[in-house]
Amino acid sequence: MRVKLKAGPEERKFIQRIEELSGENVYACYQCGRCSAGCPMAPEMDLLPNQIIRLVQMGMQEEVLRSKTLFLCASCFTCQSRCPKGIDLARVMEAVRHILDPKGKDAFGPDEISPELARELPQQVMVSIFRKFAK
Amino acid sequence: MFEPQIMCFLCKWCTSTAADMAGTSRLHYSPNNVNMRVMCSSRVDPQHILYAFKEGADGVFIGGCHPGDCHYVEGNYKTLRRITLFKIMLGDLGIDPRRLRLEWISAAEGKKYAESMDAFAEQVRDLGPLRLNEKALASEVVKDE
Amino acid sequence: MKLHYYPGCTLKEKATALDISTREAMKRLDIELVEPEGWTCCGAEYPLTEEKIVGLAAPIRVLRQVREEGGDVVVTTCSFCYAVLKRANKAIQEDPLKHKRINAYLRDDIKINERTKERTTGFDDYNGEVKVLHLLEYLRDRVGFPNVQSRLKRDLKGLPIAPYYGCRLLRPQEELGLDEPDNPHLFEEFLEAVGCRAVDYPFKQECCGSYVSVSLPAAATEASYRVLRSARMNGAKAITVTCPLCFYNMDHRQDAIKETFLDFPGLPVLFFTQLLAWALGVDKKLLGLGEHSVPADHLFSESPTTEVRS
Amino acid sequence: MTAKTTSKTKDKRIGLFVCHCGINIASIVDVEKVAEVMKDYPGVNFSTDYVYMCSDPGQQMIIDTIKKKHLDGIIVAACSPTLHEKTFQEAARLAGLNPYQIEIANIREQDSWVHTDKAKATKKAIKIVKSHVAKALQNENLEPIKVDVTKRALVIGGGISGLQAALDIADHGYEVILVEKNPSIGGKMIQLSETFPTLDCSQCILTPKMVEVSRHPRIKLLTYHEVDSVSGFVGNFKVRIRKKPRYVDETLCNLCGECEKVCPQIVPDEFNMGLSFRKAIYMPFPQAIPGTYTLDAEHCLGLNPVRCGKCKDVCQKKAIDYDMKETIIEEEVGAIVVATGYDLYTMQALGEYGGEKYEDVVNGLEFERILSASGPTGGAVRRPSDGKVPKSIVFVQCSGSRDTEKHNPYCSKICCMYTAKHAMLYKHRVPDGQATVFYIDVRTGGKGFDEFYQRAVEEDKILYIRGKVSKIFKEGDKLIVWGVDTLTGKKVEVEADMVVLAMAMVKADGVMDLLRKLKVSTDIHGFLAEAHPKLRPVESLSAGFYLAGCAHGPKDIPEAVAQASAAAAKVGDLFAQKELVHEPTVVPVNDELCSGCGICIAVCPYGARSLDPERGVAVVNEILCEGCGACAAACPSGAAQQRNQTDNQIFSMLTAMLRE
């Protein structure tokens with residue numbers, strides 16, 4: 001399938017919104033892929049971290065927003081610490097999740113935690129996962 | 001309508017060349033300015049600026065190379081420091097600091113030069129003529145030197 | 001000596017071992033830990049987008065309380081709390097907009113006069129006056145590892161232990177500044193100071209799977225497995241952590257790991273404070289070893305590997 | 001402070017020539033009116049207009065008028081001075097008038113071409129002309145500043161760039177002093193195995209040049225020497241050079257090698273990048289020039305015959321002298337070529353790649369030694385840890401380069417090519433081995449470069465993977481490399497026996513001390529700054545200093561050689577002049593006004609000003625002064641006045657232009 005590249009107002013608005021929310025310049029990325037190379041969650045992802053930022057650069061909002069990757073990022077900042085351009089990809093991921101509405105099937109809801117599991121889980125992990133992945 | 005007199009100090013390597021380029025490109029701007037070519041914007045002494053105000057200038061414009069491009073390594077940084085401080089002093093002397101403008105215009109930016117001339121003339125036009133007491137003040141300071 | 005200590009929620013519930021061993025160890029160093037009055041959860045995650053800055057209110061309220069109580073340092077042990085408090089503190093120091101907005105949120109908090117019980121509002125702006133330190137940092141920079149060494153009561157005889165930093169202690173370096181993210185030394189220095197041998201292995205700064213263990217347990221299982229396997233392969237008898245979540249992923253879920261990766265025989269997971277407390281002579285019963293899923297008792301036997309000095 | 005003309009200048013006779021420039025000026029500016037109005041202006045003795053002043057008749061008119069009217073200064077109101085200032089200065093000179101008495105009033109580019117209102121443009125032209133009259137009345141006759149040139153050059157650095165520069169300058173017929181801090185010349189290039197894209201042996205092409213340098217009658221070769229200080233200025237430098245004690249008399253040493261055999265001290269060998277060992281008394285490599293042993297005092301047991309003294313005992317030529325001392329040599333030179341080379345970025349900075357922890361993770365230069373026939377393995381590819389032949393090698397490009405965040409933001413330029421070469425040479429030696437290259441971009445701009453790279457991919461079947469490696473760690477005796485293939489979107493893991501990091505090129509270790517002594521400026525990375533990035537790429541901003549090779553920035557051998565030859569040519573330009581000529585519009589000091597505050601010394605970017613400690617006043621080296629005038633503006637007492645643009649001249653011009 002041939003994808004039509006657009007750089008209309010909608011695409012520009014999307015990119016601008018991501019940049020405002022994350023505080024990162026997505027155009028600084030030159031696609032070396034180091035983020036993906038070191039990402040602990042990459043094996044589970046449908047789009048690699050560098051592909052997410054690439055699609056943001058290209059304004060391909062839909063592809064980005066429906067990616068499972070957004071709900072796999074563990075904010076471990078490994079990508080941030082090794083990015084040669086100093087981009088904090090965890091911020092970009094969070095910005096994309098922020099504008100995602102509704103949050104979709106990959107988001108995480110309280111009903112997905114059984115009472116037994118809830119008794120076992122450390123408090124911090126529940127706060128974390130709802131802050132990051134809540135529906 | 002009030003037409004201000006604007007004195008421009010232009011560095012030889014960048015802004016004066018840009019002024020020439022505005023000419024070769026036949027860009028038009030309002031004829032309020034007269035130019036003096038200096039080797040470097042850092043040649044401009046605050047005394048020269050005060051003297052220009054005293055002699056009838058309503059606005060003074062200084063043009064230099066962009067930061068990092070100075071022909072004399074770092075003259076424009078010296079200018080920047082000097083003019084930033086001097087603007088504060090101008091205010092203290094009762095001369096609106098907006099009457100003094102420093103711009104970085106490279107030799108390739110004829111258009112920017114022409115636009116700056118119009119924009120600065122417009123600004124000084126809005127500020128009106130440099131008032132007499134301001135002039136008196138300016139001459140006072142100059143004499144004190 | 002009194003020292004402000006922010007335990008965080010998990011230490012009061014699911015990771016009491018970390019809390020107890022920290023307190024016992026610090027007693028042995030003549031440091032009395034004081035919790036800030038009315039502390040709340042720090043929020044666990046530092047808000048990463050500009051629109052979520054309200055998430056800074058909770059950690060800043062805690063830090064302000066420390067300041068109100070006259071503290072200039074607060075220590076934490078949980079990596080999550082450490083990262084949130086330290087980053088929030090830095091944001092308040094360096095970002096005027098965040099400073100303004102967060103202080104505006106918190107200005108109307110109720111202040112109760114201890115003596116008259118009078119309720120008023122109007123705190124002074126919090127400007128980042130309190131220094132946030134991880135206990136490891138505190139031991140290195142304020143107590144000094146040689147001082148810790150001089151107070152040891154038990155000899156761990158070079159027990160090979162793998163230090164595990166995980167994510168939140170090291171990254172982002174620009175904001176936390178605890179150590180170099182890909183070449184850290186602090187934990188190793190600590191382990192050597194308490195008498196262990198720090199095992200060098202390449203996964204010490206890799207992620208354990210963090211909160212993804214709830215939404216996608218398989219991913220965290222694999223991530224934790226890789227860390228444990230690497231530590232074991234390099235000769236560690238146990239792995240030490242600072243964070244209750246790392247502990248959960250590697251200890252509580254180790255059965256799941258063994259089920260998935262049949263070649264993995266298991267590895268005890270310890271909190272760093274358990275080693276510290278033990279070496280300082282704390283009674284074994286006070287280490288909270290009952291909380292462990294993977295038995296770690298054998299590492300803390302009085303003889304023949306360790307003995308209490310006079 | 002008022003702008004008055006002195007009585008002397010009142011008597012000056014000024015001529016004004018207003019040019020129509022066809023209709024270019026005359027259609028907007030009423031040139032006749034300008035000439036007419038100015039007739040009565042104080043100081044103006046003659047005023048006229050003419051259709052083309054720059055034409056032969058126009059110039060002739062100027063020449064004739066100057067003679068006839070005995071003019072002391074002229075104003076040509078015409079186009080921009082950048083176009084015809086030289087033309088009219090020449091005309092004036094022919095008429096016997098000092099060229100510095102010529103003023104160009106720009107009424108074309110800065111007046112007639114940019115305005116449409118004739119009355120206003122004419123009024124502006126009159127103001128412009130008046131200001132130049134005011135200036136001309138105070139212009140002095142000036143003569144260009146002249147100074148002799150010492151026709152000897154100093155070349156710092158004995159790598160390929162320094163060698164080439166020295167040879168070229170010497171071949172131009174001038175004497176050269178070549179200073180190298182190491183025991184032998186040869187630099188980094190002598191350590192390389194084969195060179196891209198032709199795969200000719202580096203030593204085979206370099207050693208003849210080294211020999212040529214050592215035998216050249218006009219080259220004085222000073223190895224194991226360092227530049228201690230430089231004073232003076234272009235054409236007239238005084239250089240102090242420190243001769244480090246070699247403890248071996250190079251004129252006596254016959255290379256018998258007995259000393260080396262008995263020396264008990266074992267030291268990592270720099271030439272082999274620490275992959276093998278040498279003795280404390282050693283010859284860096286067999287083709288070293290000068291051919292002599294050197295005793296490395298840092299590793300010697302103590303230069304004390306009581307403690308060891310074995311080498312001295314066995315030396316039949318009595319060449320070894322433990323009492324040798326450091327000495328200082330002084331030389332006078334006219335130009336200095338800085339060719340101090342580069343070093344590789346330290347692997348320690350890359351913790352994620354093991355940070356020097358893993359023996360089998362090597363940098364590009366170490367791999368050159370492994371590939372080299374003269375290297376520690378005799379050219380067989382064996383890994384350092386256990387000497388096994390690696391069956392899988394991963395090459396990581398951009399290690400420490402193109403990283404704005406933590407390392408070096410720039411591209412190191414040669415790594416793409418040498419990595420292709422490394423992978424190719426490896427495959428030639430280990431045909432069943434796997435070579436995998438991780439890259440971000442492959443940059444092969446250069447003659448025959450891309451063809452070379454394509455050959456590596458197509459013929460030698462080297463796997464290029466587009467992605468940057470995130471982490472390298474050891475598992476068992478394998479190195480695990482975590483990368484990504486961004487083209488397929490797959491995270492990849494490679495088990496390698498050895499990893500070669502194409503480390504970034506950085507400024508040479510410890511070079512900043514030297515550059516500070518030379519007072520040559522650098523960019524923020526410590527690479528030498530050129531006088532102009534396009535038009536003066538081999539000259540330093542400091543007059544008399546020339547740049548060659550990687551001290552100026554990453555470059556390959558042909559480029560370094562080209563730059564060295566260019567620098568030599570520039571030195572030739574300088575030496576071809578009988579004497580140096582310099583614009584006289586500098587800023588001298590009026591001793592009577594100067595209080596010796598030193599402000600002008602601090603603002604001068606050229607170090608042209610200094611304090612005379614005896615008289616307590618500032619003094620100017622007019623050869624170094626470029627005439628920017630920053631000091632004149634900064635001088636609080638008015639003692640610093642720029643020639644022909646004094647404060648008084650500026651004030652007079654302002655009055656002439658602004659006072660209604």
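So you know, we letter chains A, B, ... as the sequences are listed, proteins then strands, and number each from 1. Note that this is a predicted model, so its numbers are computed, not measured. All heavy atoms count here, side chains included; hydrogens, waters and symmetry mates do not.
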### Task
Measure the spacing between CD1 of D:Ile128 and CG of B:Asn33 and express it to the nearest 0.5 Å.
8.0 Å
### Query
Would you find more than 12 non-hydrogen atoms of other residues, nucleotides or ligands less than 6.0 Å from B:Lys87 atom NZ?
yes
## Note on the structure
Turns out that what part of D:Asp111 lies under 4.5 Å from chain B's heavy atoms comes down to neither
## Note on the structure
Turns out that what part of D:Ala531 lies under 4.5 Å from chain B's heavy atoms comes down to neither
### D:Ser521 and B:Glu74, any side-chain heavy atoms less than 4.5 Å apart
no
### Top contributor to chain D contacts, counting heavy-atom pairs under 4.5 Å, from B:His71, B:Met117, B:Met7, B:Glu3
B:Met7
### Query
Closest approach of B:Arg82 and D:Ala634, non-hydrogen atoms and distance?
NH2-CB, 3.5 Å
### Task
State the CD-OG distance between D:Gln110 and B:Ser16, to the nearest 0.5 angstrom.
4.5 Å
### From CD1 (D:Ile650) to CG (B:Asp45), nearest 0.5 Å
8.0 Å
### Task
Measure the spacing between CG of D:Leu654 and NZ of B:Lys54 and express it to the nearest 0.5 Å.
10.5 Å
### Message
How close do B:Leu27 and D:Val114 get, counting heavy atoms only, and between which atoms?
### Response
O-CG1, 3.2 Å
### Query
Pick from B:Arg43, B:His28, B:Met39: which one has the most heavy-atom pairs with chain D under 4.5 Å?
B:Arg43
#### Entry: Parallel, tilted or perpendicular: ring planes of B:Tyr72 versus D:Tyr606, cut at 30 and 60 degrees
perpendicular
### Task
To the nearest 0.5 angstrom, please state how far the OG atom of D:Ser131 sits from the CZ atom of B:Arg37.
12.0 Å
### Task
Report yes if some heavy atom in the side chain of B:Pro31 is under 4.5 Å from a heavy atom in the side chain of D:Lys123; otherwise report no.
no
### Message
Only pairs of heavy atoms separated by less than 4.5 Å count here; which of D:His532, D:Gln645, D:Gln642 has the most with chain B?
### Response
D:Gln645
### Closest approach of B:Val34 to D:Met657 (non-hydrogen atoms, all atoms of both residues)
CB-SD, 3.5 Å
### Query
Among D:Met653, D:Glu626, D:Lys124, who wins on heavy-atom pairs under 4.5 Å with chain B?
D:Lys124
#### Entry: Top contributor to chain B interface from D:Pro533, D:Ser80, D:Ala630, D:Ala121 [non-hydrogen pairs under 4.5 Å]
D:Ala630
### Task
Name the member of B:Val38, B:Asp20, B:Thr24 that forms the most heavy-atom pairs with chain D at distances under 4.5 Å.
B:Asp20
### Query
Any idea which of B:Ala22, B:Cys70, B:Ala19 has the most non-hydrogen atom pairs under 4.5 angstrom with chain D?
B:Ala19
### Task
Check each atom of D:Ala632 against the heavy atoms of chain B and say whether the ones under 4.5 Å are side chain, backbone, both or neither.
both
### Query
With side chains defined as the heavy atoms from C-beta onward, is the minimum distance between B:Gln5 and D:Lys127 less than 4.5 Å?
yes
### Whether over 12 other heavy atoms sit under 6.0 Å from B:Arg98 CZ
no
### Message
Need one label for B:Phe9: side chain, backbone, both or neither, based on atoms under 4.5 Å from any heavy atom in chain D.
### Response
side chain
### Task
Give, as side chain, backbone, both or neither, the part of D:Val587 having an atom under 4.5 angstrom from any heavy atom of chain B.
neither
### Message
Could you measure the distance from the OG1 atom of D:Thr116 to the CZ atom of B:Arg26? Nearest 0.5 Å is fine.
### Response
13.5 Å
### Task
Kindly indicate whether the side chain of B:His48, heavy atoms from C-beta on, has any atom under 4.5 Å from the side chain of D:Asp647.
yes
